[in-house]
Amino acid sequence: MRKEKQELGSLFHTVTSTEQPQQGHSKARDQPPSIASAWGPLREPVFRALWIAAVASNVGTWMEDVGEAWLMTSLSASTLMVALVETAGSLPVVLLAVPSGAFADLIDRRRLLLITQAWMLIVAATLGVLTIAGLTTPWVLLVLAFALGLGAAANAPAWEAITPELVARKDLSAAVTLGAVAFNVARAVGPAAGGLLVAAFGSGPVFLLNAVSFLGVIVVLYRWQRPVAKSNLPPEHVLGAMRAGVRYVRHTPALQAVLVRAAAFILCASALWALLPLVARRGLGLSAAGYGVLLGCLGLGGVTGATFLPKVRQKISTDSLVIGATLIFAAVTIVLGYVHIATLVGGSLFFGGIAWIALLSTFNVAAQTATAAWVRARVLGVYMLAFFGGFAIGSAMWGWIAGRAGISLTLLIAAVGLVGGLATGIRFKLRCGEDLDLTPSAHWPEPKVQAEPEPEAGPVLVTIEYQIDPDEAETFTQAARASGEIKRRDGAFYWNLFHDTADAGRFVETFIVDSWAEHERQHGRLTEADREVEERMRRFHRGKLPPKIAHLIAEE
């Protein structure tokens with residue numbers, strides 16, 4: 001769904017990988033920016049222009065969403081078809097999340113953003129013209145909603161990745177907050193405005209207005225003279241970049257926790273979004289304007305939550321915040337199913353908006369603290385895959401269940417599922433407070449070679465010999481395993497630690513990477529946090545000389 005993709009974009013910002021960032025990446029902290037610096041990023045002209053254009057575009061997106069949902073309730077009486085509007089907008093993320101993250105790390109983001117924004121303008125305009133002409137059918141609406149979602153899915157990681165290029169490092173946290181404010185202001189205004197316009201003029205003109213809203217972003221991007229500093233690292237291919245992103249997640253437990261917790265939440269939370277149009281129209285007897293007001297209540301709650309959420313984070317733990325926000329969202333879901341007074345439903349949705357922004361921001365902060373700069377866009381792609389895959393599956397599932405069990409019972413089941421999903425926290429702990437220094441650290445020595453190998457030569461076997469005190473072998477092994485996870489995460493498809501049967505103090509660390517180019521990339525992917533882990537391991541070395549490192553390349 002395009003609106004949540006933009007919200008994700010406002011909360012999760014990335015830096016470049018194949019292009020060197022203009023500012024270093026600051027230590028990740030689970031601390032909000034100070035009030036004095038909250039508006040600091042707006043001093044940057046390009047950021048300010050894009051922020052204003054994004055507010056306008058987000059308003060158009062919310063108006064489009066109201067028009068799509070309301071139009072489908074007019075075209076079809078099927079609860080499944082209405083719910084599939086959300087699925088059509090979310091499913092493209094399942095298809096493009098990881099590839100678009102890789103592209104955002106590999107090619108000129110400005111050009112990619114211009115293409116995706118132009119694509120969404122054309123699709124929205126096409127839907128508007130067809131609707132005004134009376135040619136839009138349920139399946140035409142779903143196909144074009146899907147096409148619009150394709151553009152948003154391809155756009156999202158690249159949009160995230162440009163933010164650190166636009167603001168100083170000290171303003172990154174404030175830029176995240178301003179992105180959330182921009183989105184939620186639009187969510188408070190857009191649905192109500194969209195509802196009024198749909199009621200007055202129909203969905204077609206609203207779709208055309210959304211098409212116009214993309215022009216502001218396109219103009220700002222076109223005028224932006226983006227400097228690009230080329231990296232000395234060998235370029236990656238798209239498939240290799242995708243594998244690197246997935247591998248990074250697989251060997252980072254903190255990221256796995258984010259994915260599991262976010263997926264468990266959104267799978268059940270999607271019921272509220274998918275069935276809200278039906279509740280508004282059938283359960284509450286509201287017009288399109290009334291439906292927009294309900295969505296506006298969610299947005300207003302998000303804006304309100306963004307103002308006091310930093311203070312809440314300072315007073316309670318991450319787990320407590322997630323539990324409390326999830327319980328609130330579950331309660332709101334039940335109210336939506338069983339309360340038939342519009343003012344009470346709107347009031348509950350206000351609190352639902354607070355819970356929603358708290359949960360999404362927490363998941364994104366947890367992901368940010370666990371991700372290095374070179375892979376941010378790809379990790380974001382994997383996160384989007386889990387989040388919006390759950391949204392797409394959940395929307396279709398709850399629509400199908402509602403067609404058989406009724407809307408009220410379906411929302412009750414979803415609320416129970418939200419509470420049950422908290423059990424994933426027993427095993428998968430969110431860690432938002434880790435003070436990891438993820439700035440690049442080229443602390444590995446350059447390999448000694450007689451002649452520079454071909455980039456694709458390989459596989460490459462790297463061995464590192466240690467001489468340690470045999471009494472410290474167990475502790476050394478534990479430290480080595482932590483270092484091994486880093487090497488697997490950054491490119492090795494094999495790692496192990498061997499000990500010499502003839503010498504109890506001699507250990508040999510080995511790892512294998514696909515090619516010489518991939519090993520060179522490993523050198524560039526290391527962070528200061530990685531340096532600390534490896535120095536902890538190196539302190540066990542008792543030899544007179546540093547550990548001996550050898551690089552061996554397979555003949556075939």
Side-chain angles (χ1 to χ4, degrees), residues 1 4-18 25 28 90-107 109 112 116 149-150 152-161 163 236-267 270 359-394 424 428-432 436 438 485-486 488-493 521 525 527:
M1 187 164 64
E4 274 77 28
K5 291 184 190 75
Q6 291 170 343
E7 182 164 17
L8 187 60
S10 72
L11 295 170
F12 191 86
H13 295 278
T14 55
V15 295
T16 61
S17 66
T18 59
H25 182 72
S90 301
L91 187 59
V93 182
V94 179
L95 303 177
L96 292 184
V98 178
S100 61
F103 274 112
D105 274 339
L106 300 179
I107 66 177
R109 297 187 179 93
L112 177 60
T116 56
L150 287 175
N155 178 85
W159 184 269
E160 324 305 314
T163 302
E236 293 182 81
H237 299 295
V238 174
L239 290 178
M242 291 167 57
R243 288 197 299 270
V246 174
R247 181 180 60 233
Y248 192 96
V249 173
R250 190 171 68 244
H251 292 289
T252 309
L255 284 175
Q256 294 169 15
V258 174
L259 297 180
V260 171
R261 299 290 294 276
F265 167 73
I266 198 59
L267 186 66
S270 60
L359 287 160
L360 257 66
S361 63
T362 299
F363 293 144
N364 279 277
V365 168
Q368 188 176 15
T369 58
T371 308
W374 65 270
V375 75
R376 283 287 173 82
R378 280 166 274 187
V379 169
L380 173 62
V382 176
Y383 175 69
M384 289 173 63
L385 177 62
F387 192 92
F388 293 106
F391 203 103
I393 294 170
T424 58
F428 297 96
K429 300 289 186 182
L430 291 175
R431 293 179 287 181
C432 293
L436 296 177
L438 299 178
E485 278 300 293
I486 293 172
R488 287 193 182 101
R489 183 200 68 195
D490 288 351
F493 65 84
R521 295 187 195 106
R525 292 168 177 171
T527 68

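Each residue takes its place number in the sequence, starting with 1.
Between L267 and G390, the shortest heavy-atom distance links the atoms CD1-O, 3.7 Å. Here the shortest heavy-atom pairing between R378 and A241 reads CD-O, 2.9 Å. Between V258 and F363, the shortest heavy-atom contact is CG1-O, 3.5 Å. Of all the heavy atoms in T371 and A367, the pair that sits closest is OG1-O, 2.7 Å. A102 approaches M242 most closely through the heavy-atom pair CB-CG, 3.6 Å. Of all the heavy atoms in R261 and T424, the pair that sits closest is CD-OG1, 3.2 Å.
Under the 4.5 Å side-chain criterion, counting only non-hydrogen atoms from C-beta, I486 is in contact with R489. Counting heavy atoms from C-beta on, the side chains of F387 and L360 come closer than 4.5 Å.
F428 contributes atom CZ, which lies 12.5 Å from atom CG of L255 (distance to the nearest 0.5 angstrom). Atoms CG and CG, from L96 and L385 in turn, are 10.5 Å apart once rounded to the nearest 0.5 Å.
D490 is linked by a side chain to side chain donor-acceptor pair (under 3.5 Å) to nothing, counting only residues two or more places apart in sequence or in another chain.
Side chain of E485 to backbone of T252: no donor-acceptor contact under 3.5 angstrom is found. A donor-acceptor distance shorter than 3.5 angstrom exists from the side chain of Y248 to the backbone of A372, with no hydrogens or angles considered. Within the 3.5 Å criterion, the main-chain N or O of A153 finds a donor-acceptor partner in the side chain of S100.
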